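Working notes, structure below.
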Amino acid sequence: MLATASPHLHAAAHRLSLAAPARSARLPLRRPLRYAPLRLRASAAAEAAPSAKEGAEELGFEEMAARTTRRYYMLGGKGGVGKTSCAASLAVRFANSGHPTLVVSTDPAHSLSDSFAQDLTGGALAPVEGTDSPLFALEINPEKSREEFRTINQKNGGTGVKDFMDGMGLGILADQLGELKLGELLDTPPPGLDEAIAISKVIQFLEAPEYSMFSRIVFDTAPTGHTLRLLSLPDFLDASIGKILKLRSKIASATSAIKSVFGQEVQQQDAANKLEQLRERMVKVRELFRDTESTEFIIVTIPTVMAISESARLHSSLQKESVPVRRLIVNQVLPPSSSDCKFCAIKRKDQTRALDMIKSDPELMGLNIMQAPLVDMEIRGVPALKFLGDIVWK
Ligand SMILES: Nc1ncnc2c1ncn2[C@@H]1O[C@H](COP(=O)(O)OP(=O)(O)OP(=O)(O)O)[C@@H](O)[C@H]1O
């Protein structure tokens, strides 16, 4: 069993050290990584990717922890339903099962620090104490991610479409590009862009060899609305940026002589390169979200009609975007009791109705439903997260 191998792996991990991180993909670390890629004991059968015909009963935690190849889990849903608690408890569960794990928050309103009862702010990888295998957490500052985008927009010291188009050598075409909604793209970064940039940064640094030890990456994503916009973003950017770059290259040769006289050629190329880089990154984010081999989006909800309706819409949108979803966590379910007060009895009836709704909802009924009880304490710190994780992730 993987779980029994953990103490041994943990001891081995502490004896090993890593080479210095490559500069290109380095993220600031609170403390140097002292762990090396670990080998987990897993049967050859467990190594195989899950089959399409896999039954709901096979989708337990064992299946989630089985393969040693890297896997990404994105947890998302309506605000306040318990995404962070579930993501953090899953990360703890993975780390206690022998997987060096990284848990990342891309929610603009971070709560990983609160959940782990540890200061994880600052945008650096921070070690989380108290698990068998290494667990690191990262809260990405969306404002900082957005700054990078703003620098593309404000290359000429101004803001807005006109300045940007001038900077690209496309000023004369600004009017013709009205239908691309460039104002939306450039004057105010589209919603979801900061989160997409944040995720793309994580993908980028995880490609570096010194981070190859992380076999499980858990994302605590922003509430539903952001996620949906994030998913439609790559297509939107792809189309807009693709069109801009095409237009630019069309007129580039005709205008280059004039532009070089004014010394603007370098600036234009820089802006074009940054746009192209942004487009490529967004494509990578989309690819990661759609990769059935390595990625799974887990919807978190609570047993209320409103939350379940939103979860159904989220699932529908995720399916349209070809994002793999197999599990639905229903959090904060009242635990069984033989002595309900009046309030609890009404609440329980309400929850039962909502849970029945899931069973008959065409969008949700096919998913593996996992229930997490409403516990009588605030879930903070590794021991509490372990407690929750052992109940939810079975
Ligand atoms: N099963 C549970 N039992 C008791 N309390 C819970 C449970 N799940 C979550 N909570 C509590 O509910 C609050 C919100 O949880 P959490 O921060 O995980 O939600 P979230 O969906 O990430 O919120 P946000 O959308 O604001 O980021 C926290 O105080 C957390 O401790």
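It should be emphasised that the depicted structure is a prediction, and the values quoted were computed from it without experimental measurement. When a ligand or atom number is given, it counts from 1 through the structure's own listing order. One is the number of the first residue; the rest follow in order along the sequence.
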Review item, side-chain donor-acceptor pairs of residues 384-394, under 3.5 Å, at least two apart:
from   : atom 1 : to     : atom 2 : distance (Å)
Lys386 : NZ     : Asp390 : OD2    : 2.7
Trp393 : NE1    : Ser89  : OG     : 3.0

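Side-chain contact annotation: Ser115 with Thr84, donor-acceptor N/O pair under 3.5 Å absent.
When each of Ile329, Val330, Leu328 is tested with Ile299 by the rule side-chain contact (heavy atoms from CB on, under 4.5 Å), just one qualifies, namely Leu328.
Protein residues with a heavy atom closer than 4.0 Å to ligand 1 are Gly79, Gly80, Val81, Gly82, Lys83, Thr84, Ser85, Asp107, Ser111, Asn331, Gln332, Pro373, Leu374, Val375, Glu378, Ile379, listed by chain and number.
Annotation: side chain to side chain contact (heavy atoms under 4.5 Å, CB included) contacts of Glu363 (sequence neighbours excluded): Ala312, His315, Ser316, Gln319, Asp361.
At least one donor-acceptor pair under 3.5 Å links the side chain of Thr101 to the backbone N or O of His99.
Judged as a salt bridge (Lys or Arg N to Asp or Glu O under 4.0 Å), the pairs with a partner in residues 312-325 (not counting sequence neighbours) are, in order, Arg290-Glu321.
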